[in-house]
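One structure below.
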Number of protein chains: 2
Amino acid sequence: MATQIQRSNQTQQQLLAATERLLAEQGYAAVSEARICELANLTRGALRHHYPNGRYDLLPVLVERLIARQSELIAAAQPQNPLERIYLMLFGLLDAPIQSDTVAILEVWMAARGDAKLGERINPIMNSAIERLFGMTSATPADPDALALRCLLHGACMHCYSVDYDRNALVAAIQWVLEKLPPPAGFVERLQMEQAA
Amino acid sequence: MATQIQRSNQTQQQLLAATERLLAEQGYAAVSEARICELANLTRGALRHHYPNGRYDLLPVLVERLIARQSELIAAAQPQNPLERIYLMLFGLLDAPIQSDTVAILEVWMAARGDAKLGERINPIMNSAIERLFGMTSATPADPDALALRCLLHGACMHCYSVDYDRNALVAAIQWVLEKLPPPAGFVERLQMEQAA
DNA sequence: ATATAAACAAACCTTCATGTCTTTTATATT
DNA sequence: AATATAAAAGACATGAAGGTTTGTTTATAT
């Protein structure tokens with residue numbers, strides 16, 4: 001009954017969602033076409049139809065979408081420099097300490113080291129992500145504060161898989177940082193004004 | 001000419017070193033017995049002789065050793081609480097921004113999510129690592145500052161694989177943190193005194 | 001209404017990693 | 001020196017994963 005385009009979009013969406021879940025919950029090494037299809041209730045025929053080269057076609061699309069989604073969320077708050085962007089993401093971590101999309105990106109990024117073919121296709125996207133997410137261009141070197149908080153952000157995202165993970169403890173840790181290293185003056189106020197508008 | 005014990009120790013050492021290198025440079029997904037042996041100039045016969053269950057025997061030993069090594073380095077400075085321990089590790093990051101041993105541990109830790117058999121053997125060690133490395137016991141919840149800096153430490157360790165990694169930039173970022181969030185009063189002085197003694 | 005092409009399913013083959021076993025070589029023991 | 005045992009190499013079997021092909025269903029076009 002559904003149009004072909006709708007069908008296509010839906011199965012692609014299911015495949016991407018299943019892959020994201022696998023990446024976030026089980027890690028890259030646990031990602032196989034069979035498992036993706038099992039989770040998506042599809043067959044490898046469907047996967048290979050939409051992504052002829054398997055993960056090498058699927059993962060770039062997935063990562064691209066995850067970055068696009070994140071990037072739009074950030075852009076909505078109209079940050080004016082890299083530092084403000086990082087603070088936005090840290091705020092996001094307070095609401096949802098388990099950031100499965102960020103974890104998925106990190107997993108693919110780390111896995112691409114050991115797979116040249118994957119690196120070829122992922123690294124350009126990762127490169128663009130630096131600018132689209134963090135607003136850092138290769139021309140202007142990163143400020144120490146922005147880079148430090150970026151490291152903190154990534155470490156915090158991974159922490160939810162630690163054996164001693166405690167949601168409240170992690171939130172308290174981020175809050176402690178936000179208190180000791182507060183965002184640029186007036187930033188929070190501007191956010192609230194934009195929210196109201 | 002060498003005694004059997006020496007031979008055994010040496011090959012085990014070679015296998016462990018090769019595995020650590022693979023983990024740090026290529027990531028967990030790139031670790032296979034064949035590659036380990038190739039890198040170690042040995043055959044799978046040797047690997048299976050010393051580690052009958054392959055990675056399930058090898059990785060726990062490797063992780064255990066890496067943690068022991070780190071833990072001894074830290075203990076040598078006689079830290080008196082978790083926070084001092086984290087600062088020690090951050091100092092270490094200043095000298096050597098690429099911490100292959102920490103990366104190897106993180107890789108195994110993240111991979112263990114997707115492999116129950118590996119998790120069984122690794123998680124107890126990871127659990128002990130929280131205490132041995134960070135001095136955090138499950139009884140006493142982590143202080144926000146110690147946990148925050150622990151996240152920063154891990155994020156910084158991963159950062160060296162980013163497409164925009166720049167050694168000097170990372171060092172500057174850590175130094176910025178150390179300036180804004182200085183270690184407990186008198187800690188650095190105490191370290192210098194111990195060094196002199 | 002029929003032809004065409006897309007979407008999906010299902011089977012096949014190949015490759016690679018692991019598990020297991022046997023054989024050779026080096027060290028230890030008597 | 002002869003024998004026993006450990007260390008390492010090598011070969012074989014099994015199973016999982018990816019690559020490929022063919023077949024079937026479903027939507028679109030004429």
Side-chain angles (χ1 to χ4, degrees), chain A residues 1-19 22-23 26-62 107-108 111-112 114-122, chain B residues 1-19 22-23 26-62 107-108 111-112 114-118 120-121:
Chain A
M1 278 300 126
T3 165
Q4 272 189 343
I5 297 175
Q6 288 173 326
R7 267 215 309 173
S8 273
N9 285 344
Q10 198 195 344
T11 59
Q12 288 180 20
Q13 204 53 44
Q14 285 173 341
L15 290 169
L16 292 168
T19 308
L22 267 177
L23 276 173
Q26 313 249 9
Y28 180 85
V31 172
S32 72
E33 297 186 5
R35 284 206 211 196
I36 294 172
C37 295
E38 192 188 6
L39 218 79
N41 271 316
L42 290 164
T43 62
R44 286 191 59 229
L47 190 153
R48 283 277 167 172
H49 174 70
H50 293 284
Y51 306 101
N53 294 83
R55 71 181 66 207
Y56 299 109
D57 288 336
L58 209 164
L59 290 177
V61 173
L62 174 63
E107 281 284 342
V108 177
D115 186 337
K117 201 168 158 191
L118 183 59
E120 265 176 41
R121 308 191 179 206
I122 284 291
Chain B
M1 277 305 123
T3 159
Q4 272 190 340
I5 296 176
Q6 288 173 327
R7 268 217 306 174
S8 274
N9 285 345
Q10 198 195 345
T11 61
Q12 288 179 19
Q13 204 54 44
Q14 285 172 341
L15 290 169
L16 292 168
T19 308
L22 267 177
L23 276 174
Q26 313 247 47
Y28 180 85
V31 172
S32 72
E33 297 184 5
R35 286 207 210 195
I36 293 171
C37 295
E38 192 189 6
L39 216 80
N41 272 315
L42 290 164
T43 62
R44 287 192 57 232
L47 190 152
R48 284 277 165 171
H49 175 70
H50 292 284
Y51 306 101
N53 291 58
R55 72 181 66 207
Y56 300 109
D57 287 337
L58 209 165
L59 290 177
V61 172
L62 174 63
E107 281 286 341
V108 177
D115 186 336
K117 199 167 157 189
L118 183 59
E120 265 176 40
R121 308 193 178 205

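Residue numbers start from 1 in every chain, and the chains themselves are labelled A, B, ... in the order their sequence lines are given, proteins ahead of strands. As a basis for the values below, the full set of heavy atoms in this structure was taken, side chains included, without hydrogen atoms, waters or symmetry mates.
The nearest heavy atom of DNA chain C to Arg55(B) and to Ile5(B) marks one nucleotide each, and the one closer to the 5' end goes with Arg55(B). Both Gln4(B) and Ala46(B) sit near DNA chain D, but only Gln4(B) has its closest nucleotide nearer the 5' end.
Within the structure, every side-chain polar atom (N or O) of Thr43(A) is placed at least 4.0 Å from both OP1 and OP2 of dC8(C). Ser32(B) has no side-chain polar atom (N or O) that falls below the 4.0 Å cut-off from OP1 or OP2 of dC16(C). Neither OP1 nor OP2 of dA6(D) sits under 4.0 Å from any side-chain N or O of His50(B). The side chain of Thr11(B) places an N or O atom within less than 4.0 Å of a non-bridging phosphate oxygen (OP1 or OP2) of dA8(D). The shortest distance between the side-chain N/O atoms of Ser8(A) and the OP1/OP2 oxygens of dA6(C) is not below 4.0 Å. Contact between the side-chain N/O atoms of His49(B) and the OP1/OP2 oxygens of dA8(D) is not found at any separation under 4.0 Å.
Using a 4.0 Å heavy-atom distance criterion, Leu42(B) is classed as a sugar-phosphate-only contact. If you check every strand for non-hydrogen atoms under 4.0 Å, Arg48(A) touches a base.
In this structure, of dT18(C), dG19(D), dA26(C), it is dT18(C) that holds the atom nearest to the side chain of Glu33(B).
With rounding to whole Å, Gln14(B) atom CD is found 13 Å from dA7(D) atom C1'. Rounded to a whole Å, the CZ atom of Arg44(A) is 15 Å from the P atom of dT14(C). With rounding to whole Å, Leu58(A) atom CG is found 15 Å from dA17(D) atom C1'. In this structure, the OH atom of Tyr56(A) is 14 Å from the P atom of dA17(D), given to the nearest Å. If you take NZ of Lys117(B) and C1' of dA17(C), they are 13 Å apart, rounded to a whole angstrom. The interatomic distance linking Arg35(A) (CZ) with dA17(D) (P) rounds to 7 Å, in whole Å. Between the CZ atom of Arg7(A) and the C1' atom of dT28(D) there is a distance of 11 Å, rounded to whole Å. Atom CG in Leu47(B) sits roughly 17 Å away from atom C1' in dA6(D) (whole-Å rounding).
Looking at Arg121(B) and Asn53(B), their side chains come closer than 4.5 Å, going by heavy atoms from C-beta outward. You'll find the side chain of Tyr51(A) reaches within 4.5 Å of the side chain of Gln12(A), heavy atoms only. By the 4.5 Å heavy-atom criterion applied to side chains, Tyr28(A) and Leu118(A) are counted as neighbours.
Pairing for dA16(D) is with dT15(C), a Watson-Crick or G-U wobble pair whose two hydrogen-bonding atom distances lie under 3.5 Å.
Evaluation of the salt bridge (Lys or Arg N to Asp or Glu O under 4.0 Å) rule for Arg48(A) yields Glu33(A) as partners, not counting sequence neighbours.
With hydrogens and angles disregarded, no donor-acceptor distance shorter than 3.5 Å links the side chain of Gln26(A) to the backbone of Leu23(A).
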